[in-house]
Novice: 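My questions all concern the structure below.
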Amino acid sequence: MDRTEGAATGARKAPPGFTREQWDRFERDGFLVVEDALSQDEIGRYAEAIDRTAANDPKYDATKFYSPQNVVERDPAFAELIDHPKHIGFVWDVYGELTKLHLSQCMIRPTKSWHNLWHPDGARALPFGVFSPRLPMQLKVSYWLTDLPEPRMGNLVVMPGSHRTQYFEHYDTHDSVPGEQVVCVRRGTMTLMHCNTWHRVEPNESERVRKNVFYSYAPSWVVAEDRYTSNPEWLKTLTRERRILMRSYGHPYTNTKPPLEDFPLYLDRENGTDRDAGRYREHVELHRRKRVTTVERWLAAEASL
Ligand SMILES: O=C(O)CCC(=O)C(=O)O
C-alpha cells in the first residue's frame, strides 16, 4: 500500500534538490556552483551572525583567520541554516533518511591571513574515497557572503575531477596548478563540494575580508566533525527536522539505527509518501525499511542501460 504519513510526525515533503544536469556536473567535477541562492536579506543576516559570533568570542583576532565550529549552537541564524531549503534537498538526495549535519562552521579570512594547502576533506590515512569512490561520504555546502570577483582574495580553489584520485602531486603545497578552478563568486552563491575533491585556498591580498559559512553533511553513522552531542536545552529550541539532522544520540550505535520517531526525515518530494511502495511486507516498521535515494535511483537507471 502506498501511504502518505506525514500527519503523524509532522514530516514535510523534501525541498527541491539536484536536477539531473546539476548531479551530472557535480559527479564530473566534484563541485557545483549555484548562483543567487540567498536573498540580499539572508546574506545580510548570516554575515551579521558571523560578526556577532566574532564579537562574542574572546579568542577572535581581526587580523587572523577565524573559523569557529558547531556554530549552529552559537546563533539562531546559524541554526536556521541546518535545513535551509536552498540546500537541504540536495543533501537529502544523497544521504536520504540518514542525513546528518557533520560540521557547521563560519569563516573570516582577512587580508594576508593563513590559508589552506591542497587537501581533500576527511580521513587522510585511509580516505573516505577508498570505501566510497563514487558517492561523497561528506558533502560540503558553502554560502558565500562576500563578493569574490577575482583570484587572490582568499578564494577557495578546486581541482575539477580530482575527487576520483587518492593521490595528488601538489598535496600540502600552495602550488597553482594548471586546470584548477579559482572560485570567483558573487555573494549569495551556494557551492557544493564532494569531500574527495582536492582543494586549497588563495592568499587574500585584497583589502576585502572574506566571509562565508560551511555546512557539511554525511550519513549519520560517520562521526561528526565538530561535536559528540549537542546541548539538550538548545536541541529543544529546534524544529523537528533540525533536531533530527543534529543526530544527538545518547548511544553511538543509534547513529546507525536511528529510532522510529526520527522517521521519516522528509516525505518524498513528488508523491508525499514516507516509504517506497511495494518493497516490504506491511509489518516491517518504517525505521527498519531501506528507502531509495534520488541519486541511487539515477545510478541504478544508468547501470541498467
Ligand atoms: O576556506 C575555504 O575556502 C576552504 C577551507 C578548507 O579547505 C576546508 O575547510 O577544508
Side-chain angles (χ1 to χ4, degrees), residues 1-18 20 23 72 79-102 104 131-132 134-139 141 215-224 227-230 232 234-301 303-304:
M1 185 169 60
D2 193 10
R3 299 206 293 194
T4 303
E5 291 220 330
T9 53
R12 299 178 296 157
K13 284 188 182 178
F18 285 99
R20 187 60 221 244
W23 174 254
V72 289
E80 175 187 312
L81 275 168
I82 296 171
D83 64 340
H84 194 291
K86 274 287 153 70
H87 74 263
I88 198 65
F90 287 74
V91 177
W92 193 72
D93 283 343
V94 181
Y95 305 122
E97 286 295 292
L98 289 194
T99 303
K100 166 166 82 176
L101 180 71
H102 186 249
S104 62
F131 303 98
S132 184
R134 185 157 181 187
L135 296 183
M137 200 85 96
Q138 182 193 315
L139 177 56
V141 177
Y215 279 52
S216 293
Y217 296 82
S220 54
W221 38 263
V222 172
V223 177
R227 64 193 184 279
Y228 293 108
T229 51
S230 305
W234 172 76
L235 281 173
K236 283 185 202 157
T237 68
L238 300 183
T239 61
R240 176 177 182 273
E241 289 84 6
R242 292 175 193 163
R243 178 189 59 71
I244 296 173
L245 287 163
M246 293 310 295
R247 304 286 174 187
S248 185
Y249 298 127
H251 191 280
Y253 203 54
T254 313
N255 286 285
T256 306
K257 292 178 172 168
L260 177 60
E261 65 264 25
D262 286 358
F263 293 86
L265 172 56
Y266 288 111
L267 301 171
D268 186 285
R269 73 167 65 92
E270 308 301 334
N271 59 28
T273 53
D274 65 3
R275 63 198 67 202
D276 298 343
R279 294 271 179 178
Y280 294 94
R281 287 168 57 191
E282 196 59 23
H283 69 278
V284 182
E285 289 183 279
L286 196 56
H287 63 313
R288 298 167 62 79
R289 291 174 177 239
K290 176 182 181 306
R291 210 167 148 196
V292 177
T293 64
T294 310
V295 162
E296 197 186 356
R297 200 170 338 109
W298 285 335
L299 299 192
S304 64

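The shown structure was predicted, so the numbers you read here are calculated from the model rather than taken from an experiment. Scope of the values below: all heavy atoms of this structure, side chains included, with no hydrogens, waters or symmetry mates.
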Novice: Taking Tyr95 for the side chain and Gln138 for the main chain, is one N or O donor matched with an acceptor at less than 3.5 Å?
Specialist: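 Present.
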Novice: Charged N to carboxylate O below 4.0 Å: is that the case for Asp93 and Arg269?
Specialist: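 Result for this pair is yes, salt bridge flagged.
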Novice: Output the distance between atom CG (Leu299) and atom OG (Ser304), rounded to the nearest 0.5 Å.
Specialist: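 If I round to the nearest 0.5 Å, the distance is 11.0 Å.
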Novice: Of all the heavy-atom pairs spanning Ala218 and Met137, show the shortest one and how long it is.
Specialist: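 Nearest pair, atom of Ala218 first, then Met137: CB-O, 3.4 Å.
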Novice: Is any side-chain heavy atom of Asp83 closer than 4.5 Å to one of Arg12?
Specialist: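 Arg12 vs Asp83: side chains touch.
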Novice: Any luck finding a side-chain donor-acceptor pair between His84 and Tyr215 under 3.5 Å?
Specialist: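 Side-chain D/A pair, His84 to Tyr215: absent.
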Novice: Counting only N and O atoms by type, is there a donor-acceptor contact under 3.5 Å from the side chain of Asn255 to the main-chain atoms of Pro252?
Specialist: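 Side chain of Asn255 to backbone of Pro252: a pair is present.
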Novice: How far apart are the closest heavy atoms of Lys100 and Pro219, and which atoms are they?
Specialist: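 Heavy atoms of Lys100 and Pro219 come nearest at CE-O, 4.0 Å.
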Novice: Specify the closest pair of heavy atoms between Asp274 and Leu267, including all atoms of both residues, with the distance to one decimal.
Specialist: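 Result for this residue pair: CB-CD2, 3.6 Å.
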Novice: Classify the angle between the aromatic ring planes of Tyr266 and Trp92 as parallel (below 30°), tilted (30 to 60°) or perpendicular (above 60°).
Specialist: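 Taking Trp92 first and then Tyr266, their aromatic rings stand perpendicular (interplane angle over 60°).
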Novice: Is atom NZ of Lys290 surrounded by more than 12 heavy atoms (other residues, nucleotides or ligands) closer than 6.0 Å?
Specialist: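 Atom NZ in Lys290 is packed in, count exceeds 12.
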Novice: Between Glu97 and Asp262, does the side chain to side chain contact (heavy atoms under 4.5 Å, CB included) criterion hold? Intermediate values first, please.
Specialist: CA-CA 9 Å; Glu97 286 295 292; Asp262 286 358; over 6 Å; no
Novice: Can you find a pair of side-chain heavy atoms, one from Trp23 and one from Val94, that are under 4.5 Å apart?
Specialist: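 In short, these two side chains touch, coming nearer than 4.5 Å.
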Novice: For Ser230, check side chain to side chain contact (heavy atoms under 4.5 Å, CB included) against everything at least two apart and list the hits.
Specialist: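 Here the qualifying residues are Glu73, Arg227, Trp234, Leu235, Met246, Ser248.
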Novice: When rounded to the nearest 0.5 angstrom, what is the spacing between NE2 in His251 and OG1 in Thr229?
Specialist: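 Spacing of NE2 (His251) from OG1 (Thr229) equals 13.5 Å.
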Novice: Which atom names give the shortest non-hydrogen contact between Lys13 and Glu270, and what distance separates them?
Specialist: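 Minimum heavy-atom contact is NZ-O, 3.8 Å.
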Novice: If I compare all heavy atoms of His102 with all of Val222, which pair ends up nearest, and what's the gap?
Specialist: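 Taking every non-hydrogen atom into account, NE2-CG1, 3.8 Å.
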Novice: Supply the atom-to-atom distance Tyr280 OH to Leu286 CG, rounded to the nearest 0.5 angstrom.
Specialist: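 Those atoms lie 10.5 Å apart.
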Novice: May I ask you to decide if Val72's main-chain N or O and Ser104's side chain share a donor-acceptor pair within less than 3.5 Å?
Specialist: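 Yes, Ser104 side chain to Val72 backbone: donor-acceptor pair under 3.5 Å.
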Novice: Please name the residue in the list Asp276, Leu98, Leu265 that meets the side chain to side chain contact (heavy atoms under 4.5 Å, CB included) test with Arg291.
Specialist: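 The residue from Asp276, Leu98, Leu265 that satisfies side chain to side chain contact (heavy atoms under 4.5 Å, CB included) with Arg291 turns out to be Asp276.
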Novice: How close do Leu245 and Ile88 get, counting heavy atoms only, and between which atoms?
Specialist: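 Nearest heavy atoms, Leu245 then Ile88: CD1-CD1, 3.9 Å.
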Novice: Anything under 30° is parallel, anything over 60° is perpendicular, the rest tilted; go ahead and classify Phe263 against His287.
Specialist: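 Tilted, since the angle between the ring planes falls between 30° and 60°.
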Novice: Rounded to the nearest 0.5 Å, what separation is found between the CD atom of Glu241 and the CZ atom of Arg243?
Specialist: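 One finds 9.5 Å between CD of Glu241 and CZ of Arg243.
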